[in-house]
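See below for the structure under consideration.
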Amino acid sequence: MPELPEVETTRRGIVDHLCGAEIADLVVRVPKLRWPISPALPYELRGEVIRTVERRGKYLLLRCVRGTLLYHLGMSGSLQLVPPGRRAGPHDHVDLVTGAGPVLRLTDPRKFGAVLWVEGDPLKHPLLRDQGPEPLTADFDGAYLLARSRGRSRSVKAFIMDSKVVPGVGNIYANEALFQAGIRPSTPAGWLGAERCDRLAASIKEVLIRAIAAGGTSLRDFVGGDGRPGYFSQQLQVYGRGGEPCNRCRTRLVETRQEQRSTVFCRHCQR
DNA sequence: CCCAAGACCTGGCGGC
DNA sequence: TGCCGCCAGGTCTTGG
C-alpha cells in the first residue's frame with residue numbers, strides 16, 4: 001500500500017497536529033515489527049518535542065530535539081490520528097501519545113513496518129544514507145537515470161524500484177510510470193538512451209504528483225493520517241488491469257511476473 | 001560489485 | 001462450509 005504518495009498523504013494528514021507537540025508516551029503493544037522496539041524507548045521519548053514531520057523516500061521522520069523518530073509502513077502499515085482512549089484492534093501495534101489531543105496510531109497486520117529512534121543526523125543512518133535523490137526534486141532527472149543505468153543488466157522496472165537509485169517508487173507506480181513512458185518493464189536498464197531516460201524521469205514525477213493530488217491509492221483499507229481514503233486507483237492505467245484493454249490502444253494488457261512482483265504492460269504501447 | 005531469490009508476517013480470495 | 005495454496009503496497013539479508 002504505502003509507496004511515496006501514500007506516505008506523503010499520511011505526512012500531510014498528521015503534520016499540523018504533531019509539529020510542536022510534546023511526546024507524553026509511546027504505547028507499544030506489539031514490539032516485534034521489522035526490528036524489535038526497545039522496551040526503553042518510551043522512557044527515552046518522554047518529554048521530547050516534535051519539531052518537524054518530514055518524508056524521505058517511504059520513511060517518515062519526526063524530528064525532535066535530541067533525535068528523530070523514524071516510521072516505515074512496510075507493506076500493510078498505516079498511520080492514523082485517533083481519539084485518545086479509542087480501543088485498540090489486534091493490529092494496532094504502537095501509539096504515540098502527545099498531550100490531550102489525538103493519538104498517532106500505527107496499524108500493520110503484516111508487521112513489516114518499523115519504528116526507530118535515531119540520534120544524530122537521520123540522513124546519515126544506514127537505512128537512509130544510501131537512498132537516491134528524491135524523485136520530486138530537480139536532482140532527479142533523465143541525465144541522472146542515464147548515468148546510473150550505464151552497464152546495468154537488470155530490468156528497468158527493478159532498477160526504478162531500487163531505493164538506491166530512487167526511493168519511493170514501488171510496484172504500483174513503477175508499472176504506471178513505465179506505461180506512461182512507453183517502456184517495456186523487462187528492458188535492461190542499460191539499454192535505455194537519453195531520450196527514454198528523460199521520458200522515464202518525467203513519467204515517474206508526473207505519476208507520483210498525480211497520485212499525491214488524489215490522496216494516494218487505496219487498496220484494501222488504506223487511509224491517510226486524517227482517515228480518508230485515496231482515489232488514485234481510479235486513474236490506474238495498468239496496475240491490477242491484466243487482461244483488460246489498454247486505455248490507449250485497446251490491446252489486452254499483459255500480466256507477468258518479474259522478480260516475484262506482478263507486472264502489467266501493453267505490448268503495443270510499451271517497447 | 002551486481003543480481004535474483006529468500007526471508008520476514010498476516011489476511012483475503014479463488015478453487016476444490 | 002472448510003481447507004489449501006497463492007497472492008498482496010517493501011526491503012533487508014543472503015548466496016551465487
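Here is how names work: the chains are called A, B, and so on, in the same order as the sequence lines, proteins then strands, and each is numbered from 1.
The A/His72 side chain lies nearest to C/dG10 when the options are B/dC3, C/dG10, C/dA8. For A/Arg261, counting side-chain heavy atoms from C-beta on, the closest listed nucleotide (B/dC3, C/dC7, C/dT11) is C/dT11.
In this structure a side-chain-to-backbone donor-acceptor pair under 3.5 Å is present from A/Asp108 to A/Gly113.
For the pair A/Ser153 and B/dC3, the criterion of a side-chain N or O lying under 4.0 Å from OP1 or OP2 is met.
Rounded to whole Å, atom C1' of B/dG11 lies 12 Å from atom CE of A/Met75. Rounded to whole angstrom, the span from the OH atom of A/Tyr239 across to the C1' atom of C/dG10 amounts to 12 Å. Rounded to whole Å, the distance from CD1 on A/Ile160 to C1' on C/dG10 is 15 Å. C/dC12 atom C1' lies 13 Å from atom CZ of A/Arg129, rounded to whole Å. A straight line from NZ of A/Lys164 to P of C/dT13 spans 10 Å, rounded to a whole angstrom. Look at CZ on A/Arg154: it is 15 Å from P on B/dC1, rounded to the nearest Å. One atom, CG of A/Asp130, and another, C1' of C/dC12, lie 12 Å apart when rounded to the nearest Å. To the nearest angstrom, P of C/dT11 lies 13 Å from CD1 of A/Ile172.
For the pair A/Arg148 and A/Phe159, the cation does not sit on the ring face, since its NZ or CZ is not both under 6.0 Å from the ring centre and inside 45° of the axis.
Between A/Arg86 and A/Asp92 there is no salt bridge, since no side-chain nitrogen of the basic residue lies less than 4.0 Å from a carboxylate oxygen of the acidic one.
Rounded to a whole angstrom, the distance from the P atom of C/dT14 to that of B/dC9 is 15 Å.
Rounding to the nearest 0.5 Å gives a distance of 11.5 Å between CG of A/Leu26 and OH of A/Tyr43. Between the NE2 atom in A/His93 and the CG atom in A/Leu106 there is a gap of 6.5 Å [rounded to 0.5 Å].
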For nucleotides 5-10 of chain B, 5' to 3', base contacts (B), sugar-phosphate-only contacts (S) and non-contacts (-) with protein non-hydrogen atoms under 4.0 Å give B--BBB
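Crowding of A/Trp191 atom CH2: a count of heavy atoms from other residues, nucleotides or ligands under 6.0 Å not exceeding 12. Residue-environment remark: CZ (A/Arg267) stays at or below the threshold of 12 foreign heavy atoms within 6.0 Å. More than 12 non-hydrogen atoms from other residues, nucleotides or ligands lie less than 6.0 angstrom from CZ of A/Arg29.
Counting non-hydrogen atoms under 4.0 angstrom, A/Tyr59 reaches the backbone sugars and phosphates but no base. Counting non-hydrogen atoms under 4.0 angstrom, A/Ser163 reaches nothing in the nucleic acid.
For the salt bridge (charged side-chain N to carboxylate O under 4.0 Å, His left out) test with A/Glu134, the passing option among A/Lys58, A/Lys205, A/Arg55 is A/Arg55; the others fail.
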Dot-bracket assigned to DNA chain C with the 3.5 Å Watson-Crick/G-U criterion, [ ] for crossing and | for other-strand pairs, is .|||||||.|||||||
